[in-house]
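Proteins get letters first, then strands, A, B, ... in listed order; numbering begins at 1 in each. Since this is a predicted model, take the numbers as computed values, not measurements.
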There are 2 protein chains.
Amino acid sequence: MLIAQEIKKQIIEVADTRFRRYGFGKTTMAEIAKDCHMSAANLYRYFENKEKIGIEIALKCLHQKEQIGEAVLERDGLSAGERLETFFIDILHYTYDICANDEHLFELVAFISQEHKDIVRQHQASLLAFIGRILEEGIQEETFDIQDVSSKAETILFAMVHFYYPPLVMMNNHRLDQLEHAAKNVVRLLIQGLAKH
Amino acid sequence: MLIAQEIKKQIIEVADTRFRRYGFGKTTMAEIAKDCHMSAANLYRYFENKEKIGIEIALKCLHQKEQIGEAVLERDGLSAGERLETFFIDILHYTYDICANDEHLFELVAFISQEHKDIVRQHQASLLAFIGRILEEGIQEETFDIQDVSSKAETILFAMVHFYYPPLVMMNNHRLDQLEHAAKNVVRLLIQGLAKH
DNA sequence: ATAATGAATATTCAATATAATATTCATTAT
DNA sequence: ATAATGAATATTATATTGAATATTCATTAT
């Protein structure tokens, strides 16, 4: 039935709004149900439990982050180096905004990430794939000198963790402009290291 | 009086042993006092409170880590690149060992780091200074091409955070050999980026 | 059969009481 | 004066309970 999918979507929508405003813990199933004009018991026909709703929302958030990255891949007129830099800067901005403005959402994603490592791995795999594609582009352009693309992508992700991993982005309450400056320095040094001479 | 310094040292020694075995929270001032053959009240003649004892131990630990780094600076027969790599590998090993074997000590240092950002800043400043010296060496050797040494040192520290910052070292229970491999890849890419062509 | 519910039960949370421990202080010993 | 203590007090952790909430289930409606 497609209608069931619609209802699931509505539940997520409603829960998302409440989670962001009041947090996961302070939102009750009864409240979500009321917003959907149904009983709390009926929610369980659509989600196994409250945490599963939280997971969906965290996934939605990570997916959005991936779309930010993906958008950079489709932008025209960038060299591979510029694309890599833009990729991380855009992701940094998105991550920072979420963490700074949606404290509750940040906590939810942090919690889910903690409990469900597979979700994090999946997300990282997406980012790795994007970086891989940018590196391939650099090889095509003959600006990058790379033997093993996926190994190099992994290396770059390790080096940039400070700028996409939420707890680190928020650590030491750096300002966004400071982080952006640091991120540019790191990514440019990496690009320099990738460059063909 | 020098004897007072001796007693302070003994208190730290005794507390260190208990903190490592039972943790900071589960160790009482009375126990520390008993190990020192004195009353709990008397401890306060040497330390303002329990947390100050914890700080001393955390500092000792960070200082030891700095000495690991410093030792690399004095080693003979290394190029600047090799020295930078060795520096981070040695620090990774030390960090990993502490975190993997001394769970309680790890928690103590993490807690103190959380509460006393100045201590972390101080520690990072030490690491930065070491990296700076290695970079200078590379400039002398004419293998590194660097304009602003302290800026580049900072950039390198950002990129290597995964391999010296305890919570990240321990994250995703990577094995030491995996971390070492990743650390080498990152540091070598950075060195490539610093290289003169 | 599918969707939904109210009531029953299980689990988690928050407030409180209680006990353990950190810290202070007045006093004693060196 | 300095070092140390035991007893008093303040603070923090632990256990206990009652209330709130998540989850299940038997029943009803479509």
Worksheet item: Hey, does A/Y46 reach any base, or is it just sugar-phosphate, or nothing, if we go heavy atoms under 4.0 Å?
Response: sugar-phosphate

Worksheet item: Is A/T28 touching bases, backbone alone, or none of the nucleic acid, heavy atoms closer than 4.0 Å?
Response: sugar-phosphate

Item to complete: Nearest whole angstrom, please: distance from the C1' of C/dA22 to the CD1 of B/I11.
Response: 15 Å

Worksheet item: Rounded to the Å, how far apart are B/R45 CZ and C/dC25 C1'?
Response: 14 Å

Practice prompt. To the nearest Å, give me how far apart NZ (B/K34) and P (D/dG6) are.
Written response: 14 Å

Worksheet item: With both distances under 3.5 angstrom, what nucleotide forms a Watson-Crick or G-U wobble pair with D/dA22?
Response: C/dT9

Worksheet entry | Atom-to-atom span, NZ of A/K52 to P of D/dT23 - whole angstrom | 10 Å

Practice prompt. Decide yes or no for A/T143 and A/S79: does some side-chain heavy atom of the first lie under 4.5 Å from some side-chain heavy atom of the second?
Written response: no

Discussion item. At less than 4.0 Å, is any side-chain N or O atom of A/K26 found next to OP1 or OP2 of C/dA14? Yes or no.
Written reply: yes

Discussion item. Using 30° and 60° as the class boundaries, would you call the ring planes of A/H174 and B/F158 parallel, tilted or perpendicular?
Written reply: tilted

Worksheet entry | Watson-Crick/G-U partner (both atom distances under 3.5 Å) of C/dA15 | D/dT16

Worksheet item: Between C/dA10 atom P and A/Y44 atom OH, what is the distance in whole Å?
Response: 15 Å

Practice prompt. Starting from P on D/dA3, measure out to CE on B/M38 and report it in whole angstrom.
Written response: 11 Å

Discussion item. When you compare the side chains of A/Y164 and A/Q124, does any donor N or O come within less than 3.5 Å of an acceptor on the partner?
Written reply: yes

Fill in: Strand partner of C/dT28, provided both Watson-Crick or wobble distances fall under 3.5 Å
D/dA3

Practice prompt. Would you mind reporting whether A/V109 and A/K65 have side-chain heavy atoms less than 4.5 Å apart?
Written response: no

Worksheet item: Got A/I131 and A/F88 here, is their nearest side-chain heavy-atom distance under 4.5 Å?
Response: yes

Worksheet item: Between B/N49 (CG) and D/dT9 (P), how many Å, whole number?
Response: 22 Å

Worksheet item: Within this structure, what is the NZ-to-C1' distance between B/K50 and C/dT21, rounded to whole angstrom?
Response: 8 Å

Item to complete: Using the closest heavy atom to pick a nucleotide of DNA chain D for each, name whichever of A/E51 or B/N42 lands nearer the 5' end.
Response: B/N42

